[in-house]
Protein chains: 2
Amino acid sequence: MTNIQPSLKPASGLSERAPSPDAADAESSLAGQSLHGEVLCRLRDYIIEGHLKDGARVPERELCDLFGVSRTPLREALKVLASEGFVELLPNRGARVKGLDANELRELFDVMGGFESLAGRLACENISADEINEIEQIHYEMYGYYLRRELDGYFRCNQAIHRRIVEIAGNKILTATYFSFGNRIRRVRYIANLDQHHDRWSEAMREHEAILDALRRKAGRELSDILFNHLRNKRYAVFEHLGFSNSAE
Amino acid sequence: MTNIQPSLKPASGLSERAPSPDAADAESSLAGQSLHGEVLCRLRDYIIEGHLKDGARVPERELCDLFGVSRTPLREALKVLASEGFVELLPNRGARVKGLDANELRELFDVMGGFESLAGRLACENISADEINEIEQIHYEMYGYYLRRELDGYFRCNQAIHRRIVEIAGNKILTATYFSFGNRIRRVRYIANLDQHHDRWSEAMREHEAILDALRRKAGRELSDILFNHLRNKRYAVFEHLGFSNSAE
DNA sequence: ACGGCAAAAAATGAATGCAATATTGCCGTC
DNA sequence: GACGGCAATATTGCATTCATTTTTTGCCGT
């Protein structure tokens with residue numbers, strides 16, 4: 001994977017990777033090649049973007065018309081989406097969109113924390129000087145946004161750092177799984193209209209300092225720990241924001 | 001006409017394997033309820049148990065005959081198996097069994113290490129006195145097998161401890177994902193006829209002492225670390241055993 | 001004997017058809 | 001007006017069918 005050239009352009013470096021985290025590699029094989037792969041991606045996005053409400057039944061016929069395919073590839077896609085956790089298959093009663101209750105959301109955050117934790121550990125084993133530089137770059141760009149209170153740019157950099165750490169971990173299976181699970185959280189953001197909140201901003205910024213520091217020192221065990229707790233704290237903040245209880249139920 | 005014979009007895013090579021740690025909850029919804037769910041489970045087991053060789057094409061027609069279903073549910077199952085990583089879908093060229101090369105196996109071990117690491121951390125947050133007792137029990141039973149050099153019993157207890165830790169973590173999504181990924185490694189065991197080896201036995205036993213100790217003290221961070229390295233060491237041992245290189249390639 | 005080409009065969013991918021099941025709308029009764 | 005039963009309708013799950021594409025086979029020429 002080409003690592004981005006060390007062109008010292010903090011501001012522009014990110015804008016290019018801006019758009020959408022997009023697809024894990026997991027379904028690159030399915031993606032554009034076949035009808036069902038196409039339908040899978042489109043239907044997944046359709047659900048992630050919240051066009052179907054939690055618990056709503058998935059109208060096969062309508063979606064067939066919408067996508068211009070017959071029921072066969074659509075139903076194949078539904079089976080896959082069920083295994084990914086986006087829908088639930090009820091015997092003889094079709095598919096329903098699977099929303100996340102507070103408990104599942106909490107679980108999902110912890111699992112993501114586990115992935116990031118692992119990624120941090122592995123990244124410390126593999127990271128090159130150039131890559132440390134790259135992360136630093138993004139970090140300082142993010143710091144700039146932080147100082148200027150530009151939430152949007154801050155958020156993009158934040159995402160980029162976490163994504164790069166996972167990529168640098170150099171474990172394709174991890175990467176694919178990470179992004180796949182990330183999609184399920186992404187949907188919550190759409191649904192709950194969960195724009196990033198300012199609470200905890202300075203705290204998160206401090207945590208990122210620690211992340212960068214641990215990366216520089218290649219302190220895998222430590223970074224692993226920091227990243228898990230970073231996600232935990234994010235979970236706490238999100239739950240606070242949503243008015244959920246933070247204790248197990 | 002109406003076939004509908006829920007029994008689905010091919011009477012042929014499919015073992016009536018009862019045990020199997022079985023099932024993540026992930027497909028409890030798919031499992032016995034529908035034809036495609038049934039086929040999914042059976043085909044997955046069929047592949048895990050090595051009835052199809054790495055890279056072999058998956059013969060739709062034959063399997064349809066074997067399972068006594070039409071191509072539709074079988075193909076639906078194939079799509080899911082592809083998303084789980086057991087097969088690869090080649091456009092217009094059907095499905096091929098996806099074997100793991102050394103690199104992917106290494107990645108998979110690390111991901112499992114990540115899951116166990118996370119599980120240990122969470123388990124320390126949740127574990128009750130009774131559950132500690134239970135783990136201790138298994139641990140000492142395992143120690144007995146160790147002293148008597150009974151590899152089989154030792155191995156069963158070993159598995160049980162790791163499984164219990166994951167369950168005690170109390171994160172259903174983690175549990176489901178853990179077992180799902182475990183299946184892919186399970187296949188390697190079948191294929192490579194990877195009986196447990198004696199190497200590293202005493203070392204592994206010592207590590208398990210540390211695991212139990214950390215659990216007792218509810219030292220999550222520590223246990224997290226121990227478990228990751230435990231898996232790493234296991235990976236090293238397995239790779240040694242298989243004659244693979246242990247360094248990244 | 002060997003390699004290349006064309007036709008046949010088989011496989012795949014997707015659409016359609018059909019029986020079984022769920023859902024809806026309607027009506028009568030309380 | 002609310003409720004329960006019943007027919008009409010829609011939906012689901014799977015089998016079957018159809019159009020392509022791939023693979024194999026058979027043939028010919030060199």
Side-chain angles (χ1 to χ4, degrees), chain A residues 27-44 46-47 51-53 55-83 86-98, chain B residues 1-10 27-44 46-47 51-53 55-83 86-98:
Chain A
E27 52 259 353
S28 60
S29 58
L30 307 170
Q33 328 243 12
S34 55
L35 221 23
H36 84 261
E38 179 74 24
V39 170
L40 174 60
C41 293
R42 294 226 283 157
L43 184 50
R44 182 167 35 219
Y46 194 77
I47 292 175
H51 293 104
L52 295 170
K53 291 185 188 141
R57 68 188 297 157
V58 180
E60 291 189 4
R61 200 16 89 68
E62 265 179 56
L63 292 172
C64 286
D65 292 347
L66 176 60
F67 295 140
V69 301
S70 78
R71 285 178 56 221
T72 306
L74 188 109
R75 300 185 95 257
E76 289 171 348
L78 278 176
K79 303 297 178 293
V80 175
L81 290 177
S83 92
F86 285 106
V87 301
E88 243 172 345
L89 262 31
L90 288 76
N92 286 320
R93 305 179 68 221
R96 301 200 115 84
V97 177
K98 172 106 176 44
Chain B
M1 261 12 72
T2 62
N3 50 4
I4 302 302
Q5 201 157 310
S7 64
L8 256 187
K9 275 253 206 122
E27 51 258 354
S28 60
S29 59
L30 307 170
Q33 327 244 13
S34 55
L35 222 26
H36 81 262
E38 180 74 23
V39 170
L40 173 60
C41 294
R42 299 227 290 157
L43 183 50
R44 182 169 34 220
Y46 194 77
I47 292 176
H51 294 104
L52 295 171
K53 290 185 187 139
R57 70 188 295 155
V58 181
E60 290 189 6
R61 198 107 240 301
E62 266 178 53
L63 293 172
C64 287
D65 292 347
L66 176 62
F67 294 143
V69 300
S70 80
R71 284 178 57 224
T72 307
L74 187 108
R75 300 185 91 253
E76 289 171 348
L78 278 175
K79 302 297 178 294
V80 175
L81 289 176
S83 92
F86 285 104
V87 302
E88 244 173 346
L89 263 31
L90 287 75
N92 285 320
R93 306 179 78 220
R96 304 203 111 91
V97 178
K98 172 106 176 47

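Side-chain atoms are counted along with the backbone in the values below, which use heavy atoms only and exclude waters and symmetry mates. Letters go in sequence order (proteins before strands), and every chain restarts at 1.
- Pair assignment for D:dT30: C:dA1, on the basis of Watson-Crick or G-U wobble contacts that are both within less than 3.5 Å.
- Taking the side-chain hydrogen bond (donor to acceptor under 3.5 Å, both in side chains) definition, one finds that A:Arg93 meets it with nothing, sequence neighbours left out.
- Among B:Leu81, B:Val97, B:Leu43, B:Val80, the one residue that satisfies the side chain to side chain contact (heavy atoms under 4.5 Å, CB included) test with B:Phe86 is B:Leu81.
- A:Ala95 pairs by the side-chain contact (heavy atoms from CB on, under 4.5 Å) definition with A:Val58, A:Leu78, A:Val87, A:Leu89, not counting sequence neighbours.
- For the pair B:Lys79 and A:Glu76, the minimum side-chain heavy-atom distance is below 4.5 Å.
- Protein atom CG of A:Leu74 is 15 Å distant from nucleotide atom C1' of C:dT16, rounded to whole Å.
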Side chains of residues 62-72 of chain A: which donor-acceptor pairs under 3.5 Å do they make with residues two or more places apart or in other chains?
{"unit_1": "A:Ser70", "atom_1": "OG", "unit_2": "A:Thr72", "atom_2": "N", "d": "3.4"}
{"unit_1": "A:Arg71", "atom_1": "NE", "unit_2": "A:Glu60", "atom_2": "OE1", "d": "2.8"}
{"unit_1": "A:Arg71", "atom_1": "NH2", "unit_2": "A:Glu60", "atom_2": "OE1", "d": "3.1"}

Listing time: all N or O pairs from protein to nucleotides 7-14 of chain C that are below 3.5 Å?
{"unit_1": "C:dT12", "atom_1": "OP2", "unit_2": "B:Glu60", "atom_2": "OE1", "d": "3.4"}
{"unit_1": "C:dG13", "atom_1": "OP1", "unit_2": "B:Leu90", "atom_2": "O", "d": "3.4"}
{"unit_1": "C:dG13", "atom_1": "OP1", "unit_2": "B:Asn92", "atom_2": "N", "d": "3.2"}
{"unit_1": "C:dG13", "atom_1": "OP2", "unit_2": "B:Arg75", "atom_2": "NH2", "d": "2.4"}
{"unit_1": "C:dG13", "atom_1": "O5'", "unit_2": "B:Arg75", "atom_2": "NH2", "d": "3.2"}
{"unit_1": "C:dG13", "atom_1": "N7", "unit_2": "B:Arg71", "atom_2": "NH2", "d": "2.9"}
{"unit_1": "C:dG13", "atom_1": "O6", "unit_2": "B:Arg71", "atom_2": "NH1", "d": "3.2"}
{"unit_1": "C:dA14", "atom_1": "OP1", "unit_2": "A:Leu35", "atom_2": "N", "d": "2.4"}

